[in-house]
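Structure, as structure tokens:
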2 protein chains.
Amino acid sequence: MEKYTSPIYYTDATPLLLAVDCIIFGFDRDSLKLLLFQRKVAPFQAEWSLIGSFVKREESVLTAAERVLKTHTGLTNVFMEELGTYGQVDRDPGARVISVAHYALMRLAEESKQIADAYKAQWFEFDQLPELILDHQQMVEDALEKLRRKTRYRPIGFELLPEKFTIPQLRVLYEVIYQRPLDRRNFRKKILSMKILEKLEEKDKTNSRKGAFLYRFNPEKYQEMVERGVDFVI
Amino acid sequence: MEKYTSPIYYTDATPLLLAVDCIIFGFDRDSLKLLLFQRKVAPFQAEWSLIGSFVKREESVLTAAERVLKTHTGLTNVFMEELGTYGQVDRDPGARVISVAHYALMRLAEESKQIADAYKAQWFEFDQLPELILDHQQMVEDALEKLRRKTRYRPIGFELLPEKFTIPQLRVLYEVIYQRPLDRRNFRKKILSMKILEKLEEKDKTNSRKGAFLYRFNPEKYQEMVERGVDFVI
DNA sequence: ATTATAAAGTGTATTTTTTACGCTTATTTC
DNA sequence: GAAATAAGCGTAAAAAATACACTTTATAAT
């Protein structure tokens with residue numbers, strides 16, 4: 001490993017390899033999914049893995065994560081946030097690599113499904129994941145835990161829904177995240193009391209004869225809520 | 001993207017400097033404090049700073065943070081947790097350094113105050129901090145935010161108190177963390193209803209003639225609560 | 001020794017939030 | 001036009017949060 005030589009300072013420090021890995025969540029009508037990739041190179045060739053990359057000298061850590069997402073899904077402007085650092089010495093037998101895991105949330109529409117083919121990736125049902133390499137299993141568990149926590153004080157779930165959605169759809173999303181049933185009527189009451197939803201005239205009739213009114217969230221109210229850090233205990 | 005060329009893998013990746021920085025909180029009777037250090041080396045020599053170090057090849061990131069804490073305070077077994085990664089390209093003019101910030105909570109007793117002298121550090125009142133170098137100001141703000149959040153679902157505040165403490169002391173701690181007054185009577189009711197405190201026979205009379213009973217938390221109940229992730233909204 | 005003082009501790013009434021669940025409505029299918 | 005079914009509405013009961021009056025305990029001042 002070469003020593004860091006350029007600047008005047010910090011000459012005694014050992015440079016290390018720093019990577020980012022992305023835990024990509026998707027929500028499709030009634031189930032939570034995860035985007036996984038089949039590794040192209042050894043070791044662990046052909047095994048399922050999160051997608052990642054090394055952080056480059058001239059990019060920030062978050063930029064690196066965004067680059068990974070763009071390169072492997074074609075998508076930008078996706079909600080993404082740091083999960084945490086995975087820094088055990090022996091976590092990667094290939095070398096001493098520290099990884100900063102990031103989790104991303106995306107709406108799963110038809111287009112997104114084509115990602116799988118285009119990028120040799122596959123969307124897996126969250127509760128039917130294959131074995132993953134390295135400590136990626138742990139990263140995924142931690143990401144779900146974080147997602148659960150985060151939804152309690154930030155209406156983050158919207159990131160996983162299309163722009164227009166029905167209240168029952170939103171409820172199902174929360175049921176999937178929390179892994180427990182939520183009362184239809186109380187959920188509606190609670191969510192509407194927050195006044196962050198705007199009712200539209202359209203209905204979505206894919207789930208019932210009657211159809212459910214579509215809503216979208218009011219960006220100003222949403223933003224206000226994010227800043228005030230309002231409780232969102234469902 | 002990452003290329004694998006065994007046995008030394010990842011040869012095209014650029015190694016970077018990875019550091020850890022520690023935000024060390026202390027609580028002393030009725031105020032929240034932060035331990036800061038006067039930098040010994042250039043750049044920013046003699047300016048106030050968090051304490052940190054580079055991560056070594058043969059230690060985990062968390063171990064590096066613990067080493068820093070031990071080296072600069074002499075203490076081990078202190079509550080410490082990752083805050084997040086600070087990875088902007090130009091955050092350190094000395095070199096491209098990514099820092100993983102950690103925050104630590106400690107009880108401030110007489111002995112701890114001697115740390116300041118022994119290690120050329122200084123405890124500052126949280127609301128009277130000097131200007132800090134680099135993005136350390138931001139780290140400190142983020143750490144307080146995280147501390148506030150975390151106290152909502154984990155009774156983390158205890159980490160800042162001595163083993164035996166009174167309910168009024170605990171309340172003052174939460175008042176300091178949340179920066180707002182809490183009703184004495186309701187606070188007591190709430191905290192006792194959680195059944196994680198054990199009442200002792202002793203009283204602490206430093207704050208009143210009558211004295212307040214000392215308590216300690218029940219480690220089993222506490223652990224159970226941590227695992228269940230109970231709400232701790234004060 | 002008596003009394004004033006002040007924080008600690010107890011109790012209770014009120015308001016707000018959460019939970020449980022029955023009933024009505026809109027639309028499609030037979 | 002009757003049956004079916006998810007969507008949507010309303011209300012009562014339980015639980016939790018809030019506000020605040022009162023009592024207790026020990027010390028210090030007289």
Side-chain angles (χ1 to χ4, degrees), chain A residues 29-31 151-153 155 161-162 164-176 178-216 225 228-234, chain B residues 29-31 148 151-153 155 161-162 164-216 225 228-234:
Chain A
R29 303 207 58 72
D30 60 358
S31 70
T151 50
R152 290 183 77 88
Y153 63 88
L161 287 174
K164 298 174 184 179
F165 53 85
T166 68
I167 291 182
Q169 277 168 21
L170 183 60
R171 177 174 51 82
V172 170
L173 170 61
Y174 277 93
E175 288 182 333
V176 167
Y178 294 142
Q179 296 287 321
R180 69 180 169 90
L182 300 172
D183 185 273
R184 278 184 305 120
R185 296 150 291 190
N186 294 337
F187 181 84
R188 168 183 300 275
K189 217 182 306 176
K190 178 100 188 198
I191 210 87
L192 288 177
S193 75
M194 293 177 186
K195 299 187 187 302
I196 49 174
L197 295 190
E198 258 172 36
K199 189 177 183 177
L200 305 174
E201 285 312 305
E202 300 168 78
K203 274 189 167 185
D204 174 314
K205 291 188 182 154
T206 51
N207 276 298
S208 71
R209 310 194 216 276
K210 183 179 176 179
F213 279 103
L214 286 162
Y215 287 77
R216 68 171 160 224
M225 196 168 162
R228 278 192 307 153
V230 175
D231 253 328
F232 197 75
V233 179
I234 297 291
Chain B
R29 304 208 57 75
D30 60 356
S31 71
R148 280 188 182 144
T151 50
R152 291 184 77 87
Y153 63 88
L161 287 174
K164 299 174 185 180
F165 53 85
T166 68
I167 293 183
Q169 276 167 20
L170 182 61
R171 177 175 52 82
V172 170
L173 170 61
Y174 277 92
E175 289 182 332
V176 167
I177 292 175
Y178 294 142
Q179 296 287 318
R180 69 181 169 88
L182 300 171
D183 185 273
R184 275 184 309 121
R185 295 150 293 189
N186 295 335
F187 180 86
R188 168 184 299 274
K189 216 183 305 174
K190 176 101 190 198
I191 210 87
L192 287 177
S193 75
M194 294 175 185
K195 300 188 186 304
I196 47 174
L197 295 191
E198 258 173 36
K199 189 175 179 176
L200 305 174
E201 286 311 306
E202 299 169 77
K203 276 188 166 185
D204 175 313
K205 290 183 184 161
T206 51
N207 276 296
S208 70
R209 313 196 216 274
K210 182 180 177 180
F213 279 103
L214 286 162
Y215 287 76
R216 68 170 161 227
M225 195 169 165
R228 280 191 307 154
V230 175
D231 252 328
F232 197 75
V233 179
I234 297 289

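These figures come from a predicted structure and were not determined experimentally. Below, chains carry the letters A, B, ... as their sequence lines are ordered, and counting in each starts from 1.
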Tell me whether the side-chain N or O atoms of B:Lys210 pair up with the base of C:dA8 as donor and acceptor below 3.5 Å, since no angle test is needed here.
yes
Given the structure, check if the side chain of B:Arg209 and the base of C:dT5 hold any donor-acceptor pair shorter than 3.5 Å.
yes
Worked check of side chain to side chain contact (heavy atoms under 4.5 Å, CB included) between A:Arg188 and A:Arg171:
CA-CA 8 Å; A:Arg188 168 183 300 275; A:Arg171 177 174 51 82; over 6 Å; no
Distance col, row B:Phe165:CZ vs B:Asp204:CG, nearest 0.5 angstrom, shows 12.0 Å
Checking A:Gln169 against A:Asn207: is there a side-chain donor and acceptor pair closer than 3.5 Å?
no
If we ignore angles and hydrogens, is there a donor and acceptor under 3.5 Å between the side chains of A:Arg29 and A:Thr206?
yes
Protein-nucleotide distance ([X], atom [atom1]; [N], atom [atom2]), rounded to Å:
X	N	atom1	atom2	value
A:Lys205	C:dT29	NZ	C1'	14 Å
B:Leu192	D:dA16	CG	C1'	16 Å
B:Met194	D:dA16	CE	C1'	12 Å
B:Asn207	D:dT27	CG	C1'	14 Å
A:Leu170	D:dG8	CG	P	12 Å

Checking side chain to side chain contact (heavy atoms under 4.5 Å, CB included) for the pair A:Leu197/A:Ile167: CA distance, chi angles, key distance, verdict?
CA-CA 9 Å; A:Leu197 295 190; A:Ile167 291 182; 4.3 Å; yes
Ignoring hydrogens and geometry, is there a side-chain-to-backbone donor-acceptor pair from A:Arg216 to A:Lys199 under 3.5 Å?
no
Would you mind telling me which residue lines up with the more 5' stretch of DNA chain D, B:Lys203 or A:Leu214, judged by nearest nucleotide?
A:Leu214
Divergence of helical axes at both termini of the helix from C:dA1-D:dT30 to C:dC30-D:dG1 - five pairs an end, 10° steps
0°
The answer to which of B:Tyr215 and A:Ser208 contacts DNA chain C further toward the 5' end, by nearest nucleotide, is B:Tyr215
Short of 4.0 Å, heavy atom to strand atom, which residues of residues 177-191 of chain B count as contacting DNA chain C?
B:Arg184, B:Arg185, B:Arg188, B:Lys189
Check the pair B:Arg148 / B:Tyr178 against side chain to side chain contact (heavy atoms under 4.5 Å, CB included), numbers first and verdict last.
CA-CA 7 Å; B:Arg148 280 188 182 144; B:Tyr178 294 142; 4.3 Å; yes
B:Leu170 and B:Tyr174, any side-chain heavy atoms less than 4.5 Å apart:
yes
Charged N-O contact under 4.0 Å between B:Arg180 and B:Glu175:
no
